[in-house]
Amino acid sequence: GGGDYCDNVLLELAVALGVWRSNRCKLRAVVPVLVGEKDQRGLYSPFPFANVSRLPDAPSQKTNARASDILRRFGLGGEAARAQGATVKDVVAGVLAFQGVQLCNEGIHSKAVGAVAERVLQTAKRHVMAGVDRFLERERRVERFVAGTACGHEVLGWLRGRG
């Protein structure tokens with residue numbers, strides 16, 4: 001029937017948006033993998049973007065309750081409360097606002113899934129490395145000495161350690 005249930009895809013999207021929106025988390029992007037229908041040859045059709053407008057303008061109470069529970073367990077109470085009232089259409093549209101990867105652009109199924117996984121991994125690596133670079137740059141600043149005014153031998157050791 002048309003009863004409400006916890007939809008796993010919608011749940012993943014809602015949790016990803018909640019983590020991304022949180023001020024406490026450093027998630028920089030969500031990379032949706034957009035899948036259309038697969039034909040007999042193993043090729044995917046384009047993602048049906050036109051169908052997004054037909055999604056319900058009402059929340060899935062069971063999915064939202066589970067998403068809120070997960071976000072609360074992550075310590076994201078504010079996002080947990082926000083997730084309770086999110087409509088199905090808003091969650092999907094929120095994730096689709098990110099640059100995604102369409103399987104139809106990646107060829108036959110046996111190659112498409114691996115190609116998309118590699119693109120997602122490369123995106124993640126790029127964001128992680130950018131975060132590492134920012135962290136290292138902050139650590140290189142002399143003002144980061146813990147003991148207040150640094151002594152000469154501390155400064156010299158610090159400079160040697162950073163090349």
Handout entry: Stepwise side-chain hydrogen bond (donor to acceptor under 3.5 Å, both in side chains) check, D7 with T63
Key = CA-CA 6 Å; D7 182 275; T63 304; 5.9 Å; no
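- Once rounded to the nearest 0.5 Å, the distance linking CD of Q122 with NZ of K125 reads 5.0 Å.
- The two residues G107 and A112 have their closest heavy-atom pair at O-CB, 3.6 Å.
- Taking the six-membered ring for Trp and thresholds of 30 and 60 degrees, W20 and F98 have ring planes more than 60 degrees apart, a perpendicular arrangement.
- Between the CG atom in L103 and the NZ atom in K38 there is a gap of 10.0 Å [rounded to 0.5 Å].
- Considering CD of E37 and SG of C104, their distance stands at 12.5 Å, rounded to 0.5 Å.
- Atom CG in L17 sits 12.0 Å away from atom CD in E12 (nearest 0.5 Å).
- Scored by the side-chain hydrogen bond (donor to acceptor under 3.5 Å, both in side chains) test, S22 finds no partners at all (sequence neighbours excluded).
- Under a hydrophobic-cluster definition in which Ile, Leu, Val, Met, Phe, Trp and Tyr are linked whenever side-chain heavy atoms come within less than 4.5 Å, directly or via other members, L71 and V92 are assigned to the same cluster.
- Summarising the geometry of A86 relative to V91, their closest heavy-atom pair is CB-CG2, 3.7 Å, with the distance given to 0.1 Å.
- Other residues, nucleotides and ligands place no more than 12 heavy atoms under 6.0 Å from the CG atom of N23.
- F74 approaches V15 most closely through the heavy-atom pair CE1-CG1, 4.1 Å.
- The hydrophobic clustering, which links ILVMFWY residues whose side-chain heavy atoms are closer than 4.5 Å, places V31 and V116 together.
- We find that R72 and D69 are not joined by a salt bridge, their nearest charged nitrogen and carboxylate oxygen being 4.0 Å or further apart.
- Residues Q102 and F49 share a closest heavy-atom pair of NE2-CE1, 3.5 Å.
- Heavy-atom minimum distance, N64 versus Q84: ND2-O, 3.1 Å.
- Under the 4.5 Å side-chain criterion, counting only non-hydrogen atoms from C-beta, K111 is not in contact with E106.
- In the displayed structure, Y5 atom OH is contacted under 6.0 Å by at most 12 heavy atoms of other residues, nucleotides or ligands.
- A salt bridge links K89 and D57; the closest N-O separation between the charged side-chain nitrogens and carboxylate oxygens is under 4.0 Å.
- S60 OG to L10 CG: the interatomic distance, rounded to the nearest 0.5 Å, is 6.0 Å.
- The line from CG of L96 to CZ of F47 is 5.0 Å long, rounded to the nearest 0.5 Å.
- L121 forms part of no hydrophobic cluster, judged by ILVMFWY side-chain heavy-atom separations under 4.5 Å.
- Evaluated for a side-chain contact (heavy atoms from CB on, under 4.5 Å) with I70, the options V19, L76, L11 yield exactly one hit, L11.
- At a threshold of 4.5 Å between side-chain heavy atoms, the hydrophobic network of Ile, Leu, Val, Met, Phe, Trp and Tyr places V9 and V88 in one connected group.
- Considering every non-hydrogen atom in both A14 and A67, the closest pair reads CB-CB, 3.9 Å.
- Looking at L55 and V52, their side chains come closer than 4.5 Å, going by heavy atoms from C-beta outward.
- With R24 contributing its side chain and G75 its backbone, the two residues share a donor-acceptor pair below 3.5 Å.
- Under the 4.5 Å side-chain heavy-atom criterion for ILVMFWY residues, a single connected hydrophobic cluster contains both L34 and V30.
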